Amino acid sequence: GAVVSQHPSRVICKSGTSVKIECRSLDFQATTMFWYRQFPKQSLMLMATSNEGSKATYEQGVEKDKFLINHASLTLSTLTVTSAHPEDSSFYICSARDPAGGNTIYFGEGSWLTVV
Amino acid sequence: DAKTTQPPSMDCAEGRAANLPCNHSTISGNEYVYWYRQIHSQGPQYIIHGLKNNETNEMASLIITEDRKSSTLILPHATLRDTAVYYCIVMVGDDKIIFGKGTRLHILP
């Protein structure tokens with residue numbers, strides 16, 4: 001299947017700082033990308049839908065000013081966690097839709113964020 | 001809200017076929033059935049999807065009932081590496097994925 005890559009896979013940051021996570025579709029152009037968060041022993045929770053060249057659509061309860069999403073190209077979306085706090089520590093996962101591959105959605109490997 | 005119902009957990013002996021059921025009684029005519037799995041601490045992995053015909057690929061087979069109200073994912077020869085949470089998802093092709101709780105499949109040696 002198609003490949004979606006995230007970077008970094010693990011990051012530790014200090015409380016109050018910002019951290020950026022990148023999501024790339026390596027072998028297809030993704031007009032739509034999605035960002036999820038997953039806490040231990042829970043299912044994935046959709047945070048926002050990102051369309052190339054337009055503002056992201058956030059799910060209810062997700063602070064758009066805290067979780068900045070940029071989808072500047074057809075192969076790259078970024079999630080920036082601003083003013084991070086320990087409660088933001090989580091597993092963040094992106095996914096991308098492959099319009100040329102039957103609209104199948106493929107997921108990245110995930111990024112572990114620890115805020116200390 | 002998830003549109004599917006799956007058992008919370010299942011066990012399967014290594015080497016045997018793992019049959020994972022999914023109920024989707026309110027599925028619409030244009031909605032596909034997708035299966036993903038998540039191995040611990042990794043991103044979900046796409047397995048297979050179908051509309052109404054049975055589908056097979058190198059990973060699994062998908063059997064959809066004639067009324068499309070339920071389906072079964074079949075892993076023909078389960079291995080320890082198939083231990084994961086399996087998610088059955090119903091959606092139209094350009095929709096977003098909302099995850100339910102899935103089925104935690106344990107492969108027993």
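A, B, ... follow the sequence lines: proteins, then strands. Residue 1 opens every chain. We use all heavy atoms of the structure for the numbers below, so side chains are in, but hydrogens, waters and symmetry mates are not. Please read these numbers as outputs of a predicted model, since none were measured by experiment.
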For the NE2 atom on A:His7, are there more than 12 heavy atoms of other groups (residues, nucleotides or ligands in this structure) within a distance under 6.0 Å? no
Do A:Leu46 and B:Ile98 come within less than 4.5 Å of each other through their side chains, counting heavy atoms only? yes
Just checking A:Lys66: does its NZ atom have more than 12 heavy atoms from other residues, nucleotides or ligands closer to it than 6.0 angstrom? yes
Please answer: with hydrophobic residues joined when any side-chain heavy atoms are less than 4.5 Å apart, are A:Val11 and A:Val115 in the same cluster? yes
Check whether B:Phe99 and A:Met33 end up in the same hydrophobic cluster, where Ile, Leu, Val, Met, Phe, Trp and Tyr are linked by side-chain heavy atoms less than 4.5 Å apart. no
Are A:Phe107 and B:Tyr34 close enough that their ring centers fall under 6.0 Å? no
Can you give me the closest heavy-atom contact between A:Ile93 and B:Pro44, atom names plus distance? CG2-CD, 4.0 Å
A:Trp112 and B:Ser41: which non-hydrogen atoms are nearest, and at how many Å? CZ2-OG, 3.7 Å
In Å, rounded to the nearest 0.5 Å, how long is the span from CG of B:Asp95 to CZ of A:Arg97? 7.0 Å
Passes side chain to side chain contact (heavy atoms under 4.5 Å, CB included), B:Met91 versus A:Ile105? Steps please. CA-CA 11 Å; B:Met91 64 178 187; A:Ile105 294 173; 3.9 Å; yes
Is there a donor-acceptor contact under 3.5 Å from the side chain of A:Ser43 to the main chain of B:Lys101? no
Which atom names give the shortest non-hydrogen contact between A:Phe34 and B:Lys96, and what distance separates them? CE2-CB, 3.5 Å
Could you tell me which portion of B:Tyr87 (side chain, backbone, both or neither) has an atom closer than 4.5 angstrom to a non-hydrogen atom of chain A? side chain
Tell me whether B:Tyr46 at atom OH has more than 12 heavy atoms from other residues, nucleotides or ligands lying less than 6.0 Å away. yes
For A:Gln6, which atoms come within 4.5 Å of any heavy atom of chain B: side chain, backbone, both, or neither? neither
Same cluster for B:Ile48 and B:Tyr32 if Ile/Leu/Val/Met/Phe/Trp/Tyr side chains link at under 4.5 Å? no
Does B:Leu75 belong to the same Ile/Leu/Val/Met/Phe/Trp/Tyr cluster as B:Leu80, with side-chain heavy atoms less than 4.5 Å apart forming each link? yes
Answer yes or no: does atom CZ of B:Arg68 have more than 12 heavy-atom neighbours from other residues, nucleotides or ligands under 6.0 Å? yes
Before you tell me yes or no, could you show the steps for A:Tyr36 and B:Ile97 under side chain to side chain contact (heavy atoms under 4.5 Å, CB included), namely the whole-Å CA-CA distance, both residues' side-chain angles and the distance that decides it to 0.1 Å? CA-CA 10 Å; A:Tyr36 292 80; B:Ile97 295 178; 3.4 Å; yes
Name the region of A:Leu44, side chain, backbone, both or neither, that has any atom closer than 4.5 Å to a heavy atom of chain B. both
Measure the spacing between NE2 of B:His49 and OG1 of A:Thr104 and express it to the nearest 0.5 Å. 4.5 Å
State plainly whether one hydrophobic cluster holds both B:Val33 and B:Val85, where clusters connect Ile, Leu, Val, Met, Phe, Trp and Tyr through side-chain heavy atoms under 4.5 angstrom apart. no
What part of B:Gln45 is in contact with chain A, defined as an atom under 4.5 angstrom from a non-hydrogen atom: side chain, backbone, both or neither? neither
